[in-house]
Number of protein chains: 2
Amino acid sequence: MTSSRDEARPQFTSVTPVRAYESVVAQIEDAVFTGQLVPGDRLPSERDLMAQFGVSRGTVREALRVLESGGLIRSRPGDPGGATVQANSSARLAKALTTFVKLGQIGVGELIEFRMVVEGSAVRLAAELHDEAALGAMEEAFARMEEAAGVSYEAFSAADVAFHLAVASCSSNSLFSACSEFARDTVLALTTENLKESGDPSERIQETLRRHGAYLQAIRDRDGRTAEALARQDLVDYYGPHLSPDERARIRLLLLPVG
Amino acid sequence: MTSSRDEARPQFTSVTPVRAYESVVAQIEDAVFTGQLVPGDRLPSERDLMAQFGVSRGTVREALRVLESGGLIRSRPGDPGGATVQANSSARLAKALTTFVKLGQIGVGELIEFRMVVEGSAVRLAAELHDEAALGAMEEAFARMEEAAGVSYEAFSAADVAFHLAVASCSSNSLFSACSEFARDTVLALTTENLKESGDPSERIQETLRRHGAYLQAIRDRDGRTAEALARQDLVDYYGPHLSPDERARIRLLLLPVG
DNA sequence: TAGGTGTACTGGTAGGACCAGTGTGCTAGA
DNA sequence: TCTAGCACACTGGTCCTACCAGTACACCTA
């Protein structure tokens, strides 16, 4: 008799208790994902939200903190109308990657490898796909670098970052942009002190200019393969001397043939 | 006179108010990042933390929610000793990427591009650097795929993922492994329904086996360039038919010459 | 000794209170 | 009439207290 009932026996699945604030987060996230809330829109105030969701203010606030840490909203006291829905979300991706790096004890070598691959691909796509406007933006960023070269090392560094950013955004793949931005920031944070005290700064600057100029030329020529090869080579030459022989050998494996 | 004081004038910089919970988050994050807290360790209870930090319980809870949403800790009621420090995982990365996708900042095409580049490089490094044990692991993962091919599509998929994981981990760059893992997860989540209803499953399985076998052979030969080229080609052939002509053209730009 | 039960923790949530910013409208003064 | 300044209403930031619901562990009983 029991066996005849077996087929009809309901299949229960394990449940995980859902905390109130998680429901709140999910509902607001959903509203953003589905476009009911677009960047610039304002959420109701915390006191309104607690009425709408039927929860206490503490619960609402926990939800808002989670959303804020995810970069979805931003709240500021005194702002009429409550928290603001934010536009960018690459910040969250970058933060997640940074956490990963810090937890995983990832070394500079691995980060350089990552940069070679991601920035290289971004350069390649930028070379193949850029239009007039995009090329103009890259040319201008490069010009800024040349200007800043005479000012200070810091100014040049900033212009350098801006140039990489311009190139990456021309790849029209925001994942590449976000990842190369994160990797560059992290590498810089790890190596600034080492690089500064090594070699003649102005020589470094000239060398960097020359290299970047070279692959900008390849971009102009729409020669993606060459541009990528040069970009990767650039990183190897720039950071290689500061790595262990082991790491140096590894990153060399990722070089591409030129021409 | 004022001009003589100008040089001594202190340079004030803009300040951003730091909220109490942010300090709490920062301190706990720091403890985890510096290794004072390792996965499995327990934080003090919320009531203890509020005493240690000198803030209210609400503030402590907001901080813990942020940390929890970041995947750094996990808390459960009744657990003696408070929240548990979590092991590093790519789960948070996948979530951040999913958010990125859902916000419409990125499409499947861009994800495929990212996978081509990252997985390709992982395969290349695996080919160049693997030792006996690593090769054994990859061979075994491939054998599992062959076994699972006769069982079910789901089993095969799982074995497929495991194979990619084995290869990625042989690149000995955890950034590559993690990135290819979360990118693959996200792509699968976005495309599973589309791929299932297209073509003969068993034919897809055989095709996948053949391709993977091909670049496993290149790995055996320590031919990193070929292995990477094949891995990238694999992705183009596998996903290309399901992309728009535009996206298809883009991902083709990232192909590498074979041989 | 084995089992059940009670207790002392844990986090989850509610509600109230106060402070400190911020924007706006109104008012008093020019 | 116009404007400068102030008061107010609103925002989030923080604190406090209280209670509920799980969990683990020790104790107590059969």
Side-chain angles (χ1 to χ4, degrees), chain A residues 12-29 31-32 37 39-86 91, chain B residues 12-29 31-32 37 39-87:
Chain A
F12 298 125
T13 63
S14 78
V15 293
T16 34
V18 174
R19 287 172 282 194
Y21 89 89
E22 288 177 335
S23 299
V24 175
V25 167
Q27 284 193 53
I28 297 180
E29 265 186 347
V32 174
L37 288 172
D41 280 359
R42 325 208 69 129
L43 258 49
S45 73
E46 294 179 356
R47 287 161 178 91
D48 280 351
L49 286 173
M50 69 184 259
Q52 290 187 39
F53 286 110
V55 296
S56 74
R57 193 164 160 226
T59 303
V60 168
R61 284 181 60 78
E62 289 180 20
L64 293 181
R65 287 293 81 77
V66 170
L67 291 168
E68 190 169 22
S69 87
L72 242 64
I73 64 168
R74 209 172 73 93
S75 64
R76 204 184 44 165
D79 232 357
T84 316
V85 177
Q86 291 296 101
Chain B
F12 297 125
T13 63
S14 76
V15 294
T16 33
V18 175
R19 288 171 282 194
Y21 87 90
E22 289 177 334
S23 300
V24 175
V25 168
Q27 284 193 52
I28 298 179
E29 265 187 347
V32 175
L37 288 171
D41 280 359
R42 325 208 71 129
L43 258 47
S45 73
E46 294 181 357
R47 287 162 178 91
D48 280 350
L49 286 174
M50 68 185 257
Q52 290 186 38
F53 285 111
V55 297
S56 75
R57 191 163 160 228
T59 302
V60 168
R61 285 181 59 79
E62 288 181 20
L64 294 181
R65 288 293 82 76
V66 170
L67 292 167
E68 190 168 22
S69 87
L72 241 65
I73 63 167
R74 210 171 74 91
S75 63
R76 205 185 41 167
D79 233 356
T84 315
V85 176
Q86 292 295 103

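In the text below, chain A, chain B and the rest are named by the order of the sequence lines, each starting its count at 1. All values below were derived from every heavy atom in this structure, side-chain atoms included, with hydrogens, water molecules and symmetry-related copies excluded.
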Does the side chain of A:R61 come under 3.5 Å of the side chain of A:S75 through a donor N or O and an acceptor N or O?
->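 Short answer, no.
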Would you say a side-chain N or O of [X] is under 4.0 Å from OP1 or OP2 of [N]?
X	N	value
B:S75	C:dT10	no
A:R57	D:dG13	no
A:T59	C:dA14	yes
A:S45	D:dT11	yes
A:R19	C:dG12	yes
A:S56	C:dT13	no

Got a donor-acceptor contact below 3.5 angstrom from the B:E22 side chain to the B:R19 backbone?
-> yes
Less than 4.5 Å apart, any side-chain heavy atom of B:E29 and any of B:L67?
-> yes
Send over the distance from B:Y21 OH to D:dT14 P, rounded to a whole Å.
->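 Whole-Å distance recorded here is 9 Å.
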Ignoring hydrogens and angles, does a donor from either the side chain of B:R76 or the base of D:dG22 sit under 3.5 Å from an acceptor on the other?
-> no
Mind running side-chain hydrogen bond (donor to acceptor under 3.5 Å, both in side chains) on A:T84 and A:R74 for me, showing each step along the way?
-> CA-CA 5 Å; A:T84 316; A:R74 209 172 73 93; 5.9 Å; no
